[in-house]
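Structure first, then comments.
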Protein chains: 2
Amino acid sequence: MASSRYRDIAEQLAAEIAGLAPGTRIEGEHEIAERFGVGRAAARAALQELERRMLVRRVQGVGTFTSRRIDYLISPHQPPSWSRTVNAANSHSRAVIRSCEVVNLVDEIAAVLGRVPGDPGHRLRRRSFIDDLPAAWGIEWIPTDVIGDLATPLRLFDSLDRVLRELAGVTLRRAWARASLETTPFELADELGTSPGDPVWYVESLNEDAETGRLLCFTQRWLRADAIRLIMETGWAGTAPARGGAGAHARISAAVGPDQPVRLPAGPRP
Amino acid sequence: MASSRYRDIAEQLAAEIAGLAPGTRIEGEHEIAERFGVGRAAARAALQELERRMLVRRVQGVGTFTSRRIDYLISPHQPPSWSRTVNAANSHSRAVIRSCEVVNLVDEIAAVLGRVPGDPGHRLRRRSFIDDLPAAWGIEWIPTDVIGDLATPLRLFDSLDRVLRELAGVTLRRAWARASLETTPFELADELGTSPGDPVWYVESLNEDAETGRLLCFTQRWLRADAIRLIMETGWAGTAPARGGAGAHARISAAVGPDQPVRLPAGPRP
DNA sequence: CAGTGGTCTAGACCACGGG
DNA sequence: CCGTGGTCTAGACCACTGG
């Protein structure tokens, strides 16, 4: 069954909200139930469908609002910066420091950073917002030999990228990164404003100085999948991915639709 | 509110099915409603929660079954092969050819493959299965100068990787890849067995010969997010990601839990 | 055909957030 | 306080799959 009342409603609502600015308030469950002449359960199902498609965000006691994802490109050719990524999408970025202290790096972290276990390093935990909505939470590890005092300058600039560039005289570049889609860990549900089990990105990233290759910073970060459209690229310098981003994607995807899949005589049954 | 009846039920069911083999049938909505003494709506909500967490797969008219995701690593250091990935997870891989024909490469595809627009190439469309469940659908473009006849050998070996290696004498290596999480396009819902709007991976990948660097194959592929745990790595040869995969991830993640987030005096309000 | 999940109603009470 | 979304019941009918 491809059609049902709540799907039809979701479809119509999706079309209606397509042109609205992100964050616009839309009708609630009761209003939709009345407007379309259905019970509240069906209206609710329609809105949940939109939430599942990451087109709206619903907050208990407040309402339902249009939403969109911000493109976040992780690529060897792209310097890492949360604030620049968010600002490039014409949204407002903000980071809140949850803790910032100097610790002795445990074995795994020290090894990744090419330091000796027990070496001192900053452990910075931050929550990041897009237009005042929680979108990310992460830990950053920066050996103290990169920068001595981190907490003070971070009160002035949200951007770690900027602090390191201006005060430590280094330029961040990704050495490597690894990303996967997970479900919200129980301990992070509050920080991210999600329910345990909601989809989130988990990203590990090691950054080095673009000029010297010195290892500077190791990051573990969780990103709300409904807030971030993560795009990840691998590739060597000589063979960068075709440019054009979503545009190229859309054009190429168009090649899918036209003709029907064909069963070859010798093919096994689907 | 962190607790509710259906969440508790979902939690208990999650614990119960944790040890079961993938594909095991579990109780239906009616049975769960009876067992826990709740209405069918609550029982249904619990099962939907498990489905959202990608722990079960539900099929109308058939039942509810335990499920798991297969790790699929895309990395410059990892040769691309669907069948080897699936087999490595002790699952059975199968591919069904939906169409295979020689076409004139359109501009975008020809450009990506470093060929002249209009050059002949195979357009191969396949549906891939994991343990006989649809998991992926994709288009592969292979210039005819790489291999003349593709349809015939593919009837013998499901694996394009293997066909090219044994008949064209080339070894596939990723030149670049790009992945993002999308919602199922309407046209692919049937092929993937998902509903439009369900989360799927979209992966573009260009493959070259590992020895000569000659461009061999361009792939566009959609993968069910509930079937594939895609892990993507960037990185140069000199600085490969820390090894250990999920193990390292788990150990490092453990560093999150212990102590509570701390509000710094000067930090802005969350 | 029986049993599964999918949809839907008409109610009800509750938790939450903002005025 | 009111309105929001969150949970839940007790029913009903339907669509789909398999034997």
Side-chain angles (χ1 to χ4, degrees), chain A residues 1-13 23-52 55-67 132-134 189-190 193-198 226 269-270, chain B residues 1-13 23-52 55-67 132-134 189-190 193-198 226 269-270:
Chain A
M1 165 151 71
S3 84
S4 60
R5 195 77 183 89
Y6 86 88
R7 273 181 213 277
D8 294 344
I9 296 172
E11 208 59 45
Q12 179 169 340
L13 291 175
T24 306
R25 187 205 186 97
I26 70 169
E27 297 157 286
E29 297 180 356
H30 302 80
E31 291 161 276
I32 289 176
E34 196 180 353
R35 162 141 83 107
F36 291 93
V38 297
R40 215 190 121 205
R44 179 177 174 74
L47 285 176
Q48 279 180 323
E49 173 76 14
L50 295 182
E51 188 177 34
R52 213 171 52 93
L55 296 175
V56 303
R57 191 182 281 214
R58 320 179 70 204
V59 184
Q60 186 180 43
V62 184
T64 301
F65 305 86
T66 58
S67 171
D132 291 326
L133 293 169
D190 279 348
T194 55
S195 302
D198 285 343
D226 63 348
R269 267 199 40 252
Chain B
M1 168 149 69
S3 83
S4 59
R5 195 76 182 93
Y6 86 86
R7 273 181 213 278
D8 294 344
I9 295 172
E11 208 60 43
Q12 178 169 341
L13 291 175
T24 307
R25 187 204 186 101
I26 69 170
E27 297 158 288
E29 297 180 356
H30 302 81
E31 291 161 276
I32 288 175
E34 196 180 355
R35 161 142 84 107
F36 290 94
V38 296
R40 211 189 125 204
R44 179 175 173 76
L47 285 176
Q48 278 180 322
E49 173 75 14
L50 296 182
E51 187 176 34
R52 214 172 50 94
L55 296 176
V56 304
R57 191 181 281 216
R58 322 179 69 206
V59 183
Q60 187 180 41
V62 184
T64 301
F65 304 86
T66 58
S67 173
D132 291 326
L133 293 169
D190 278 348
T194 55
S195 302
D198 285 343
D226 63 348
R269 268 196 41 249

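What's counted below: heavy atoms across the whole structure, side chains too, no hydrogens, waters or symmetry copies. In the text below, chain A, chain B and the rest are named by the order of the sequence lines, each starting its count at 1.
- Relative to the side chain of V62(B), the nucleotides dC8(C), dG5(D), dT17(D) differ in distance, and dT17(D) lies closest.
- In this model, the phosphate group of dG6(C) is not approached by any side-chain N or O of R5(A) to a distance below 4.0 Å at OP1 or OP2.
- Looking at residues two or more places apart in sequence or on another chain, you find a side chain to side chain contact (heavy atoms under 4.5 Å, CB included) between V59(A) and V62(A).
- Between I9(A) atom CD1 and dG6(C) atom P the separation is 18 Å, expressed in whole Å.
- Residue-level contact check: E31(A) touches the backbone only, with heavy atoms under 4.0 Å from sugar-phosphate atoms and none from bases.
- Rounded to 10°, the helix from dC1(C)-dG18(D) to dG18(C)-dC1(D) has 20° between the axis fitted to its first five pairs and the one fitted to its last five.
- In this structure R52(A) satisfies the side chain to side chain contact (heavy atoms under 4.5 Å, CB included) test together with E49(A), D198(B), sequence neighbours excluded.
- The separation between I32(B) atom CD1 and dC8(D) atom P is 14 Å, rounded to whole Å.
- Residues A189(B) and S195(B) approach most closely at CB-C, 4.4 Å, considering heavy atoms.
- For R7(A), a side-chain nitrogen or oxygen approaches OP1 or OP2 of dT7(C) to under 4.0 Å.
- In this structure, R25(B) atom CZ and dT17(D) atom P are separated by 14 Å, rounded to whole Å.
- Taking only side-chain atoms of S4(A), from C-beta outward, the nucleotide of dT4(C), dC8(D), dT7(C) with the closest atom is dT7(C).
- If you take CD of E29(B) and P of dT9(D), they are 13 Å apart, rounded to a whole angstrom.
- Between T64(B) and dG5(C) there is a side-chain N or O to OP1 or OP2 distance below 4.0 Å.
- Checking side-chain atoms of T66(A) against main-chain N and O of G23(A) turns up a donor-acceptor pair under 3.5 Å.
- Two residues, G61(A) and A45(A), neighbour DNA chain C, and the one matched to the more 5' nucleotide by heavy-atom proximity is A45(A).
- Distance CG/L50(A) to CD1/I26(A): 6.5 Å, rounded to 0.5 Å.
- For R25(B), the side chain to side chain contact (heavy atoms under 4.5 Å, CB included) partners two or more places apart in sequence, or in a different chain, are F65(B).
- Put simply, CZ on R52(B) is 19 Å from C1' on dG5(C), counting in whole angstrom units.
- Closest to the side chain of R58(B), out of dT7(D), dT9(C), dG5(C), is dG5(C).
- Distance, E27(A) CD to dG5(D) C1': 15 Å, rounded to whole Å.
- Residue contacts for G39(B): at a heavy-atom cut-off of 4.0 Å it reaches the sugar-phosphate backbone alone, with no base atom in range.
- Using a 4.0 Å heavy-atom criterion, one finds that R57(A) contacts no nucleic acid atom at all.
- Note: R40(A) CZ to R44(A) CZ = 6.5 Å, rounded to the nearest 0.5 Å.
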N/O to N/O distances under 3.5 Å, protein versus nucleotides 11-13 of chain C:
from: dA12(C); atom 1: N6; to: R40(A); atom 2: NH1; distance (Å): 3.1

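- Residues satisfying the side chain to side chain contact (heavy atoms under 4.5 Å, CB included) test with I32(A), not counting sequence neighbours, are I9(A), L13(A), E27(A), F36(A), A43(A), L47(A).
- The structure places CD of E29(B) at 7.5 Å from CD of Q48(B), a figure rounded to the nearest 0.5 Å.
- Between A46(B) and A10(B), the shortest heavy-atom distance links the atoms O-CB, 3.8 Å.
- Among dC16(C), dT7(D), dC8(C), the nucleotide with an atom closest to any side-chain atom of Q60(A) is dC16(C).
- Distance, I26(B) CD1 to dG3(C) P: 19 Å, rounded to whole Å.
- At whole-Å resolution of the value, CZ in R44(A) and P in dC8(D) are 11 Å apart.
- Between the E34(A) side chain and the E31(A) main chain, no donor and acceptor come within less than 3.5 Å of each other.
- Summary of the strand contacts: V38(A) and Q48(B) both lie near DNA chain C, and taking for each the nucleotide with the nearest heavy atom, the more 5' one is attributed to Q48(B).
- Ranking dC8(D), dT4(D), dG5(C) by closeness to the A42(B) side chain, first place goes to dC8(D).
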